[in-house]
Asks: 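Before I ask anything, let me first share the structure, which is written out below as structure tokens.
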Amino acid sequence: MSFAGPKAVIEEGDTVILYLTVTNVYAIEAVPQIKNKKGEFVEYVFQTNFGALKVKDIIGVQYGSKVELSKGWAHVLQPNPELWTQTLPHRTQILYTPDISMILYQLEVKPGSVVIESGTGSGSLSHYFLRAIRPSGFLYTFDFHEERVQKAHDEFKSHGLGDFVKVTQRDVCEKGFGEEVDGKADAVFLDLPAPQLAIPHAVKAMKESGGRLCSFSPCIEQSLRVCEALEQHGFVDVVNLEVLQVEDIVRTRNVPVMDLEFLKHKKTDVDSKDAKTPKETKKYITSSAPNSMAGHTGYLTVAELPPLFAR
């Protein structure tokens with residue numbers, strides 16, 4: 001129940017983020033025992049680069065506390081979508097915060113929104129949607145893979161989010177989203193091999209007052225097919241976006257100050273014999289782009305469906 005709302009103390013069964021360093025972050029379940037390969041229950045000891053942690057020792061500890069490991073220490077944090085994205089078990093390739101933040105902004109997701117997502121994948125984006133739409137919104141998420149659907153369902157339930165999401169196994173390109181969601185959605189997100197096939201089903205699922213749609217495409221050819229399908233089915237304001245994260249390099253540089261006093265006076269033999277004075281320098285904080293940057297992730301195609309009377 002650790003995703004459902006702020007908590008002070010770790011309870012048994014919570015998903016807890018074990019934070020060692022920026023690059024060493026783990027999600028663990030706060031249970032005293034786990035099953036080994038033989039199916040026997042044994043004490044849960046979690047191994048890290050800084051030693052072992054007996055997980056039973058963190059039950060009852062306050063979130064944010066510093067805990068001892070056998071060779072160091074770590075912090076135990078309450079999970080949020082950002083930390084979960086860094087630590088979740090990857091069942092598929094996932095979206096990360098730069099793309100996700102733009103998706104939430106473009107879809108205008110807010111508390112009370114009804115959102116359709118396809119496909120569910122590893123559930124990275126799903127947790128962001130659920131944080132944005134709770135407590136009065138709802139997420140319908142679809143995936144064609146049975147095992148991924150079951151694992152996502154179990155994760156949402158264990159995280160205390162089961163009342164706000166329904167996970168369904170379905171090929172939405174062929175069968176649509178189902179009668180249950182017809183006319184209910186404020187926003188639709190598509191991450192599919194052929195998203196253009198799901199566009200007519202998205203129109204059927206959206207409210208009569210209209211809504212927003214976003215499709216994630218790894219290649220421009222796929223994005224162009226989506227744009228054509230959107231225009232054919234009455235969408236307007238079609239925009240194609242690419243999110244690239246650039247981290248500027250900030251440095252302090254010593255810049256020499258030019259002495260132009262010699263221009264005011266004629267140079268004499270006496271001046272030439274004088275010893276050279278050290279050049280004055282000043283410190284400046286500078287910023288420059290890195291030599292290389294993170295590569296392309298995908299294109300976001302965003303569009304608006306007008307109200308029914310205006311289509």
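The residues of the chain are indexed from 1 along the displayed sequence.
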Asks: Indicate the atoms forming the closest heavy-atom contact of Q106 with L241, along with that distance.
Replies: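 Answer, listing the atom of Q106 first, then L241: NE2-CD1, 3.7 Å.
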Asks: Under 4.0 Å between a Lys/Arg side-chain N and an Asp/Glu carboxylate O for E208 and K184?
Replies: no
Asks: Using a strict threshold of under 4.0 Å (side-chain N to carboxylate O), is an ion pair present between E82 and R131?
Replies: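 Result for this pair is yes, salt bridge flagged.
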Asks: Could you tabulate the donor-acceptor pairs under 3.5 Å formed by side-chain atoms of residues 300-311, not counting sequence neighbours?
Replies:
| from | atom 1 | to | atom 2 | distance (Å) |
| --- | --- | --- | --- | --- |
| T301 | OG1 | S223 | OG | 2.8 |
| T301 | OG1 | N240 | OD1 | 2.7 |
| E304 | OE1 | R212 | NH1 | 2.9 |
| R311 | NE | P306 | O | 2.8 |
| R311 | NH2 | K207 | O | 3.3 |
| R311 | NH2 | P306 | O | 3.4 |

Asks: What is the minimum heavy-atom distance between F164 and L130, and which atoms define it?
Replies: O-CD2, 3.5 Å
Asks: Quiz question: by atom type and distance under 3.5 Å, do the side chains of T297 and Y96 form a donor-acceptor pair?
Replies: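 No pair is found: no donor N or O on one side chain lies under 3.5 Å from an acceptor on the other.
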Asks: For the residue pair H145 / Q169, report whether a side-chain donor-acceptor contact shorter than 3.5 Å exists.
Replies: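 Side-chain D/A pair, Q169 to H145: absent.
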Asks: List the residues meeting ring-ring contact (aromatic ring centres under 6.0 Å, His included) with Y26, not counting sequence neighbours, and say none if there are none.
Replies: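 F46.
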Asks: Atom CG of L190 and atom SG of C214: how far apart are they, to the nearest 0.5 Å?
Replies: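 Interatomic distance, L190 CG to C214 SG, rounded to 0.5 Å: 8.5 Å.
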Asks: Provide the closest heavy-atom pair for R134 versus A4 in the form atom of the first, atom of the second, distance.
Replies: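 Residues R134 and A4, closest heavy atoms: NH1-O, 2.7 Å.
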Asks: Less than 4.0 Å between a side-chain N and a carboxylate O, is that true for E43 and K56?
Replies: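 Here K56 pairs with E43 in a salt bridge, since their nearest N and O are under 4.0 Å apart.
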Asks: Where do S124 and I94 come nearest, in terms of heavy atoms and distance?
Replies: CB-CB, 4.0 Å
Asks: Quick one: does NZ or CZ of R148 land under 6.0 Å from the six-membered ring centre of F144, within 45 degrees of the ring axis?
Replies: yes
Asks: Indicate the ring-plane relationship of F156 and H127, choosing parallel, tilted or perpendicular according to the 30° and 60° boundaries.
Replies: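 F156 and H127: tilted rings.
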Asks: Cationic tip of R253 within the cone over Y284's six-membered ring, i.e. under 6.0 Å and within 45° of the normal?
Replies: no
Asks: Is it true that D14 and K7 have a side-chain N and a carboxylate O under 4.0 angstrom from each other?
Replies: yes
Asks: About how many Å separate CD of Q86 and OG1 of T23, when rounded to the nearest 0.5 Å?
Replies: 10.0 Å
Asks: For A202 and V188, work out which heavy atoms get closest and say how close.
Replies: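 Shortest heavy-atom contact: CB-CG1, 4.1 Å.
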Asks: For residues I59 and A30, report the shortest heavy-atom separation together with the two atoms involved.
Replies: CD1-O, 3.8 Å
Asks: Out of the candidates V115, V167, V114, only one should pair with Y140 under the side chain to side chain contact (heavy atoms under 4.5 Å, CB included) rule; please name it.
Replies: V114
Asks: Anything under 30° is parallel, anything over 60° is perpendicular, the rest tilted; go ahead and classify H159 against W84.
Replies: perpendicular
Asks: So that I can tick it off, tell me whether E147 and K151 are bridged by a salt bridge, with the cut-off set at under 4.0 angstrom between side-chain N and carboxylate O.
Replies: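 Looking at K151 and E147, the cut-off is met.
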